[in-house]
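This is a predicted model, so every value here is computed, not measured.
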Amino acid sequence: MSSGKILVAQGGGPTAVINQSLAGVVLEARRFRNCSHVYGAMHGVRGIINEDLVDLTRETSHNLELVAATPSSALGSTRDKPDLPYCEEIFKVLRAHEIEQFYYIGGNDSSDTVRIVSEQAQAAGYPLRCIHIPKTIDNDLVGNDHTPGFPSAARFVAQAFAGANLDNASLPGVYVGVVMGRHAGFLTAAAALGKKFHDDGPHLIYLPERVFSLDAFLADVKAVYERYGRCVIAVSEGIHDASGEAIAALLAKEVERDAHGNVQLSGTGALADLLCDEIKAKLGIKRVRGDTFGYLQRSFIGCVSDVDQREAREVGEKAVQFAMWGDRDGSVAIKRNGYYSVDYTLQALADVAGKTRVMEDEFISASGTDVTDAFRLYLRPLLGSGMPDAFRLRPAPVQKILKK
């Protein structure tokens with residue numbers, strides 16, 4: 001006899017709209033008569049193996065809607081990267097609680113977890129439907145036009161650079177803003193959408209899809225500064241040299257590494273400081289400032305794309321529909337149609353799991369320090385409605401009397 005129990009969890013970095021997907025799963029599942037319970041795992045897969053579960057069937061629809069509009073992961077998250085033994089423990093818990101459908105909202109690592117759990121269930125002959133629901137501000141899931149969470153983070157980055165450019169125009173100098181993105185430069189590239197006038201910043205954009213040369217960087221900055229008397233720069237935290245070594249590791253005397261052995265890029269201002277020091281020392285420019293956007297861009301509560309909200313809800317709803325009416329496991333994918341509308345498909349977990357999408361060449365300028373109009377057309381509809389605009393005075397000079 002069917003138990004009618006499903007389980008949903010959230011993994012990886014939080015986003016401004018991940019709870020829309022959570023609400024989409026819960027509310028859509030409760031519409032089906034064969035769904036008896038919707039459980040949530042606290043802090044992702046770690047909550048599953050610890051049997052730290054909550055009954056979301058008892059949440060009111062009103063409160064779920066309020067939570068949906070709230071950034072960050074309502075169930076909590078984890079950075080655990082499950083291997084096969086870990087996934088075997090996950091499967092044991094799912095089986096013990098008679099879970100029939102498993103939904104995991106997350107990015108690359110989360111999709112791989114779903115794949116392994118799915119394979120475990122098939123090998124054991126246990127009827128478990130496994131669905132991965134896409135989420136990542138990096139926009140690096142293959143098979144997707146874009147990924148929920150990215151548009152809102154991109155909206156934040158575009159607006160932040162628009163403001164930084166205005167500040168820099170008032171008090172000219174060099175400004176360096178470091179944006180998240182270890183392998184994919186989509187989020188850093190979003191800084192270009194903050195430009196309005198031809199001399200607006202960011203004047204230079206550095207992405208991990210292109211090899212970074214410190215000498216070329218300094219030459220670029222010098223040229224822009226001489227042309228405009230100022231320079232605004234967007235830099236991905238993942239920029240690297242020709243050998244693949246992170247620039248942050250090359251310039252720093254000491255580097256911190258995360259649990260997976262990667263150089264710690266997020267949550268530290270080291271790269272911005274190091275690049276600013278190089279500009280001051282090598283170019284002799286006195287006013288040089290740097291910021292690291294860090295975790296601000298992930299769950300900023302005042303800057304959410306309405307398009308992102310809608311689609312994050314819909315991928316959660318479609319996940320349930322694919323599970324209830326379909327006959328296979330998979331990962332929900334967003335496909336673009338026309339200038340801007342989307343459809344949702346279910347792609348094989350093996351096609352997504354553990355793979356990383358990077359920015360396509362058509363989105364990056366020949367110089368490697370800017371984006372193309374194709375990228376601007378790609379990103380603009382994702383940013384949503386109500387994007388703020390900036391204006392300039394059209395001053396009429398008064399004739400000088402003393403300083404002729």
When rounded to the nearest 0.5 angstrom, what is the spacing between [atom1] in [X] and [atom2] in [Y]?
X	Y	atom1	atom2	result
S73	M42	OG	CE	10.0 Å
N34	M324	CG	CE	4.5 Å
I131	I105	CD1	CD1	12.5 Å
D145	E311	CG	CD	8.5 Å
N108	K81	CG	NZ	9.0 Å
K222	I279	NZ	CD1	13.5 Å

Quick check: do [X] and [Y] have side-chain heavy atoms less than 4.5 Å from each other?
X	Y	answer
V179	E237	no
I205	T188	yes
M387	Q159	yes
Y39	V54	no
D291	V178	no

With distance as the sole test, does [X] use its side chain to make a donor-acceptor pair with the main-chain N or O of [Y] at under 3.5 Å?
X	Y	result
E317	E28	no
E51	I48	no
S341	N337	yes
T292	G294	no
R155	L383	yes
N50	R46	yes
R313	D308	no
D167	G163	no
D306	S385	yes
S236	G181	yes

Q) Taking the six-membered ring of F217, is NZ or CZ of K282 closer than 6.0 Å to its centre and within 45° of its axis? A)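 So K282 doesn't make the cation-pi contact.
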
(Q) Less than 6.0 angstrom from the centroid, inside 45 degrees of the normal: does R230 satisfy that with respect to the ring of Y225? (A)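 Because its charged atom misses either the 6.0 Å distance or the 45° angle limit, R230 does not stack over Y225.
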
Other residues, nucleotides and ligands only: do more than 12 of their heavy atoms fall within 6.0 Å of [atom1] on [X]?
X	atom1	answer
R328	CZ	yes
R58	CZ	no
K5	NZ	yes

Q: Go through L187 and Q297 one step at a time and tell me if the side-chain contact (heavy atoms from CB on, under 4.5 Å) criterion holds.
A: CA-CA 9 Å; L187 198 54; Q297 59 212 305; 3.4 Å; yes

Q: Hey, can you tell me if F91 and Y126 have their rings parallel, tilted or perpendicular (30° and 60° cut-offs)?
A: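 Taking Y126 first and then F91, their aromatic rings stand perpendicular (interplane angle over 60°).
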
Q: Just say parallel, tilted or perpendicular for the rings of Y104 and F102, cut-offs at 30° and 60°.
A: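 Parallel: the ring planes of Y104 and F102 meet at under 30°.
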
Q: Could you check R129 against D327 for salt bridge (Lys or Arg N to Asp or Glu O under 4.0 Å), going step by step and ending with a plain yes or no?
A: CA-CA 8 Å; R129 180 64 66 230; D327 59 356; over 6 Å; no

Q. Just checking, is any N or O donor in the side chain of S305 or Q309 under 3.5 Å from an acceptor N or O on the other one?
A.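 Checked: S305/Q309 side chains show no N/O donor-acceptor pair below 3.5 Å.
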
Q: Check whether the side chains of T147 and R357 place a donor and an acceptor atom closer than 3.5 Å, and report yes or no.
A: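 Side chains of T147 and R357: no pair found under 3.5 Å.
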
Ion pair check, [X] and [Y], cut-off under 4.0 Å:
X	Y	answer
D273	R289	no
R298	D138	no
E119	R115	yes

Q. Taking all atoms of both residues into account, what is the closest heavy-atom pair of D200 and F197, and its distance?
A.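 So the minimum-distance heavy-atom pair works out to OD2-N, 2.7 Å.
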
Q: Name all pairs fulfilling the ring pair (Phe, Tyr, Trp, His ring centres under 6.0 Å) condition that reach into residues 297-323, sequence neighbours left out, sorted by first residue then second.
A: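 Output for this query lists F156-F300.
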
(Q) As a quick check of understanding, evaluate side-chain contact (heavy atoms from CB on, under 4.5 Å) for H132 and L141, giving each step before the final call. (A) CA-CA 11 Å; H132 168 245; L141 283 176; 4.0 Å; yes

Q | Identified side-chain contact (heavy atoms from CB on, under 4.5 Å) counterpart of E65 within the set T70, N19, L27 | A |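 Of the listed options, the one satisfying the test is L27.
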
Q: Using side-chain contact (heavy atoms from CB on, under 4.5 Å) as the criterion, point out the one residue from T15, V315, V17 that pairs with K135.
A: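 Of T15, V315, V17, side-chain contact (heavy atoms from CB on, under 4.5 Å) with K135 is met by T15 alone.
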
Q.
Are H203 and Y228 an aromatic pair, judged by ring center distance below 6.0 Å?
A.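 Yes, they do, as the ring centres are separated by less than 6.0 Å.
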
Q: Could you go through the side-chain contact (heavy atoms from CB on, under 4.5 Å) check for F186 and D140 one step at a time?
A: CA-CA 8 Å; F186 287 100; D140 61 353; 5.6 Å; no

Q. V224 and D220: side-chain contact (heavy atoms from CB on, under 4.5 Å), yes or no, with the steps?
A. CA-CA 6 Å; V224 171; D220 292 340; 5.6 Å; no

